[in-house]
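This report refers to the structure that appears directly beneath it.
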Amino acid sequence: MWESVVRWARRKSPWVLHFNTGGCNGCDIEILDLLTPRYDVERLGILKEASPRHADILLCTGPVTRQSRDRLRRIYEQMPAPKWVMAIGSCGCSGGVFHGGYNVLGGIDQVLPVDIYVPGCPCRPEAIIAGIAQLLDMVE
Amino acid sequence: MNVDSILGALREAFPAVTLEFQPGLLDETFVVLSADCVHPAVRLLIERFDIRHLSTITGQDRGSEIELLYHFWDGRGLTLRTSLAREDSHIATVVDLIPGAAFYEREVSEMLGVTFDGHPDPRRLLLPEDWSGEPPLRQGDSAQFAEQDVPSPSIGTAIADSGHVVWAKDTGRMIIPIGPQHPLLKEPLSYLLTVEGELVTDESLRIGYVHRGIERLCQQRSYVQNIYLLERVCGICSHIHTTTYCQGVEALLGLEVPQRALHLRTLLCELERIHSHLLWLGVFSENIGFTTIFMYAWRDREITLDIMEELSGGRVSHAANVIGGVRTDVDKEQGHSILGRLEDLERQIETFRDVIRHERSFQMRTRELGHLSFEQVRSHCVVGPMARASGVDVDLRRDAPYAAYDGLDLRVVTAGGGDVWTRTQMRVQEIFESLHLCRQVLKELPGGPLTVRAPRRVPAGEVVSRAEAPRGELIYYIRSDGSERPARVKVRTPTMTALITLSEQLRGINIADVPAVIGGTDLCIACVDR
Amino acid sequence: MDNTSRSHSLVYLLPELWRTLRTRRITVRFPFGPLELPSYFRGRVTVDPALCNGCGLCVRDCPAAALELERESRDEFRLIFYCDRCAFCGQCEAVCRTGAIVLTNEFAPAAADRNALREEFSKPS
Amino acid sequence: MPDWLIALFHLLVFPGFGFLFLCALAFQWIDRRVAARLQGRVGPPWFQPLADLIKLLAKEDILPVGADELACAVLPMVSLAAVLTAGLLIPVSGWKPNSFEGDLVVVLFLLSIPMLAYFLAGWLSISVYSVVGGNRSLLQYFAYEVPFLMALGGTAIVNGSWSIASIAARQSQTVWTMLMQPVGFLVAMIGLIGKLKRAPFDIPKAKSEISAGPLTEFSGRKLALWYLSRDMQTVVGVFLLVNLFLGGSGAMLLPALSFVAKALLLLLMLSVASVLYARLRIDQLVDVGWKVLAPLALLQLLVTVWMGVG
């Protein structure tokens with residue numbers, strides 16, 4: 001009983017943390033755009049949190065650069081379980097157009113276990129919403 | 001700028017040295033001189049001709065030697081070219097003459113292994129601290145990073161970097177880290193602020209978290225692929241990047257781009273400027289805790305996004321430019337509907353203008369803050385709205401018209417306040433000017449083809465291409481060696497100049513004002529780091 | 001530019017709040033309602049293997065190396081599309097001479113497994 | 001029914017935990033919804049506060065190494081307990097099981113405990129953001145508390161009692177204190193915004209400066225308790241002002257309805273105020289508190305006393 005209530009609550013209240021690991025801002029402004037009147041994800045219970053401790057889902061954008069790698073790991077470790085990682089944008093999935101760069105490690109999955117990949121360059125806000133919904137479906 | 005008199009003066013100053021003058025493409029003049037002449041030549045330019053604006057320093061590996069290009073600007077481009085020995089290359093710094101050159105020199109230094117003698121702060125700028133490979137822009141070197149697995153630090157590691165208290169109880173000083181992950185920053189940079197009470201007494205900046213090595217990648221890709229790569233230097237001002245790049249390559253190819261294409265480029269540039277300024281207004285308002293303006297600004301920004309998507313198929317990256325023209329078109333009916341939507345947008349922006357001018361709490365958080373004087377702006381080579389808000393009347397759209405700006409009626413907005421409040425008002429005022437330009441373009445859109453055919457190989461040569469991005473002067477240096485791939489692409493984005501002034505703006509202010517000051521400079525770190 | 005402030009109203013934003021309350025909803029219905037994407041949106045890449053002649057122009061120009069051509073013989077080849085690399089720039093569509101590559105107006109769906117984002121379009125002889 | 005059963009009912013159901021809990025959820029939802037609508041958005045569905053709470057309760061609970069574990073576990077409970085106790089003393093729609101002369105003073109005392117707990121939480125959870133946020137919350141406390149107390153004291157003086165219930169009851173014979181002391185009401189509202197750390201006085205938890213302030217390091221259960229205590233403070237604060245300034249449930253036919261309507265009106269005012277302004281700086285708030293609010297409250301008090309004498 002309690003289990004199913006908790007599952008319901010998790011589904012209805014995914015708080016996200018956004019970290020740009022080396023992206024071009026394209027996906028980042030689309031993530032920020034989610035909060036604003038056109039998309040307003042608060043109607044889905046999604047809040048953009050400031051502290052890793054409060055977040056459930058880590059939204060990562062951009063290819064992982066060498067300098068942001070450690071920080072990415074640390075932010076993931078600071079999040080309380082249960083937690084999920086979303087790779088937003090083609091750069092986050094694989095490195096995208098920046099593949100082969102000397103300072104680029106590739107996608108987020110080079111550093112963290114990624115739960116869902118959302119391709120797009122940049123991702124449309126709808127695609128991110130659909131990605132989060134898909135992730136929550138999987139969790140259930 | 002009178003090129004002849006400058007050349008005469010240089011020749012007079014260095015009678016023993018052979019100077020070489022090369023007229024370049026896009027109204028640029030190259031002066032070749034030896035390395036030890038650079039410092040006196042820069043001094044001469046400043047003292048005799050009051051040419052203080054150093055756009056950037058390009059370094060490139062020419063095989064046998066390292067070449068440095070000092071790109072000056074004063075209504076026309078003037079580039080000092082000098083060569084250094086490949087081994088143990090060093091040159092005197094110009095930071096003592098132009099404080100704004102500090103970041104340029106640091107970048108050249110780490111990218112090409114050049115030492116700038118006398119540089120006050122020769123730390124790395126973009127490369128990671130643990131970079132152990134060769135300077136990445138030296139040719140032939142593999143530019144590979146020695147892979148070493150850094151052990152993952154656990155939570156609670158009591159270092160400043162991790163966000164835990166670093167605190168000297170006796171002095172009451174505390175170090176507050178801002179970034180790389182911080183709600184204030186939409187993109188990573190790292191500030192360590194030393195605060196006493198609530199006042200910031202010292203700061204230390206670290207960038208490079210989004211350094212993707214785009215300049216190196218450009219050398220590995222074809223001219224066509226580079227359009228899309230350079231579009232992703234920055235997601236906010238993607239179109240101006242491709243515009244500047246394409247007009248440079250077109251100059252190298254000697255292409256005559258159709259007028260219709262130039263007008264459409266201009267239209268997208270101005271829409272992008274509106275989008276960028278509104279985005280900034282929103283983010284800035286959120287920084288000072290004014291969520292409602294953030295929501296409204298981003299709501300109305302959607303109008304420009306919709307128009308841009310209609311024109312190009314992408315909300316943020318447009319992929320509208322190709323070498324030799326554009327890939328997008330507007331028909332009569334569409335133009336009409338766009339004009340209508342811009343009208344709606346203008347009404348909304350009038351609201352913003354009034355609110356930021358009169359709303360008491362907004363003023364309390366922005367006035368008398370982050371002040372930059374006219375002299376500071378000039379000496380730090382600050383560009384764009386930041387410079388114009390301090391009374392420097394500079395705008396490349398008027399001073400060196402590119403695309404279709406030549407035939408348009410453009411009013412440059414300047415103001416004398418120099419504080420965050422002035423910058424805010426200025427940027428909002430610029431939106432009106434951009435709307436005015438959009439309307440002109442849509443009404444006077446010439447007919448004709450959209451593209452001319454461009455060959456894939458670009459003849460050998462070099463070009464300095466400049467444009468006015470939403471944040472100010474954007475400069476590209478492109479050199480071709482006659483192949484399908486550029487031999488060097490150098491990008492200097494406007495935010496880099498603003499970033500240098502930030503440390504002066506931050507010292508001595510309240511921590512609560514840090515978001516306002518950082519927000520007020522309209523940083524774009526993805527642009528700086530590349 | 002006017003640098004002085006005249007009014008010092010404490011409720012300057014009120015009229016705009018009121019106007020916002022009266023305007024109709026601009027928030028999209030998705031995901032509760034239908035997904036509405038404009039027809040001109042550059043989305044997922046599809047390849048019609050019947051039209052593709054295996055010239056490889058798209059592979060050459062792709063900035064993200066999202067397309068690969070595996071050729072078994074002159075007429076037998078597979079075009080492999082890595083959606084997780086794609087920059088959705090449309091250069092492949094622009095350069096394709098036969099019109100085999102088209103960017104649809106749907107966004108590429110997310111996947112829990114990166115391999116699921118790889119698509120193969122094979123052309124048997 | 002035996003007395004202890006009634007007491008238990010008061011404690012757990014009405015007007016104790018159960019009632020305050022439901023009100024807290026409802027108020028949070030209404031507040032978020034109204035703010036969203038004013039900003040042109042849609043806002044969360046009605047069950048959102050409940051879902052957030054349950055989710056947080058089921059999350060992992062981490063504290064950084066070096067934080068005071070005992071204090072961090074106890075403080076949210078202290079905060080919550082203080083608010084609950086205050087809630088028990090406030091008459092709701094004319095229902096006043098625990099009323100006594102002087103309960104206003106006790107309530108005001110209890111309502112300042114959460115701010116102190118909040119400050120300590122920031123101080124002891126050893127993140128820089130928490131420490132700065134904690135300091136700010138203490139400074140903020142000194143800025144709003146005195147004007148707030150003076151404004152509320154004015155209502156006691158003008159109505160001739162220090163019991164919340166009698167202050168409310170008195171007003172149904174005369175007029176609402178809000179009409180007699182408009183300035184005092186304004187000061188009390190502004191003070192309440194400061195007390196609740198709501199925008200534009202959300203200085204101790206200013207997101208863009210110091211992440212989440214004192215709560216930066218809290219997660220899971222403890223965070224849930226903090227949020228619950230915050231929402232209950234809103235409820236108690238609004239109920240208190242309804243009783244003191246808007247005549248409580250009044251002498252009208254449907255006391256419960258009029259009480260709810262008045263509470264919602266105040267909540268609406270809080271929501272509108274939160275979207276109307278930019279966040280002030282802490283020194284500006286202190287300035288406003290001492291240079292504007294305190295003199296205004298004092299003036300109101302003097303006028304009240306003078307009128308009482310005259």
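Reckoned from all heavy atoms, side chains included, excluding hydrogens, waters and symmetry mates. So you know, we letter chains A, B, ... as the sequences are listed, proteins then strands, and number each from 1.
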**Request:** Spell out the residues in residues 289-298 of chain B that have some non-hydrogen atom less than 4.5 Å away from a non-hydrogen atom of chain D, in order of number; otherwise answer 'none'.
**Result:** B:Gly289, B:Phe290, B:Thr291, B:Thr292, B:Met295, B:Tyr296
**Message:** Does any part of the side chain of B:Arg360, heavy atoms only, come nearer than 4.5 Å to the side chain of D:Tyr277, both counted from C-beta?
**Reply:** no
**Complete:** Looking only at D:Leu280, D:Ile203, D:Asp202, the option with the highest number of non-hydrogen pairs under 4.5 Å against chain B is D:Leu280
**Prompt:** Mind checking which of residues 133-143 of chain D sit less than 4.5 Å from chain B, heavy atom to heavy atom?
**Reply:** D:Arg136
**Message:** Take a 6.0 Å sphere around CD of D:Glu60 and say whether it holds more than 12 heavy atoms from other residues, nucleotides or ligands.
**Reply:** yes
**Complete:** Those residues at least two apart in sequence (or on a different chain) that pass salt bridge (charged side-chain N to carboxylate O under 4.0 Å, His left out) with B:Arg299 are C:Glu16
**Message:** Rounded at 0.5 Å granularity, tell me how far CZ in D:Arg279 sits from CE in B:Met364.
**Reply:** 13.5 Å
**Neighbour count above 12 (heavy atom, 6.0 Å) for D:Arg221 CZ** = no
**Request:** With sequence neighbours excluded, tell me which residues meet ring-ring contact (aromatic ring centres under 6.0 Å, His included) with D:Phe47.
**Result:** A:Trp8
**Asked** Are the side chain of B:Ser361 and the backbone N or O of D:Ala278 linked by a donor-acceptor pair below 3.5 Å?
**Response** yes
**Message:** Could you report the tightest heavy-atom contact between B:Arg365 and D:Arg281, atom names first, then the distance?
**Reply:** CD-N, 3.9 Å
